[in-house]
Amino acid sequence: MNLWVDDVQPPPDGWAWARTSVGAIDALCFGMVRRLSLAHDLSGNDTARPIIRWMCENSVWPQEIRVHSANPVGAAWLNKMIDRCKPGTC
């Protein structure tokens, strides 16, 4: 499954859509997400940060992860944590 996480921008064809961090984590729990694309800022105070933290804590890593966020500071944080925590970096 391809999972697009963004509260505003619709996903490309062939991608499931999660608009919240909770929705994304629920999808990741099934272990079927192969490609993940993240916006940093989600609705209200929600961000993609809990998703990355959950992935780190539970060792769940899709084959491909990309950040499509328009928030440069948030995107930098996500990319830094992905690079720091993904398997094979320690």
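Partners of Asn58 under the side chain to side chain donor-acceptor pair (under 3.5 Å) rule, at least two apart in sequence or in another chain, do not exist in this structure. Residues passing the side-chain contact (heavy atoms from CB on, under 4.5 Å) test with Pro12, sequence neighbours excluded: Trp4, Trp15. Shown here are the side-chain contact (heavy atoms from CB on, under 4.5 Å) partners of Ala24, two or more places apart in sequence or in another chain: Leu3, Val5, Ala18, Ile51.
Sorted by first and then second residue, the side-chain hydrogen bond (donor to acceptor under 3.5 Å, both in side chains) pairs involving residues 19-29 (not counting sequence neighbours) are Ser21-Asp46. For residues 58-76, every residue pair satisfying the salt bridge (Lys or Arg N to Asp or Glu O under 4.0 Å) rule, not counting sequence neighbours, is listed here: Arg35-Glu64.
Using a 4.5 Å heavy-atom cutoff, the side chains of Val60 and Cys29 are not in contact. Residues Val67 and Ile82 meet the side-chain proximity criterion, which asks for heavy atoms closer than 4.5 Å.
Scanning all heavy atoms of the two residues, the minimum distance from Val33 to Ala27 falls at CG2-O, 3.9 Å. Val8 approaches Trp17 most closely through the heavy-atom pair O-CZ2, 4.0 Å.
To the nearest 0.5 Å, atoms NZ (Lys86) and SG (Cys56) are separated by 11.5 Å. Distance check, rounded to the nearest 0.5 Å: CH2 of Trp77 to OG of Ser69 gives 12.0 Å. The structure places CZ of Arg53 at 7.0 Å from CE of Met81, a figure rounded to the nearest 0.5 Å.
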Output side-chain donor-acceptor pairs under 3.5 Å for residues 37-44, partner residues at least two apart or in another chain, one line each.
residue, atom, partner, partner atom, Å
Ser37, OG, His68, ND1, 2.6
His40, NE2, Arg49, NE, 2.9
Asp41, OD1, Asn71, ND2, 3.3
Asp41, OD2, Asn71, ND2, 3.0
Ser43, OG, Asp7, OD2, 3.4

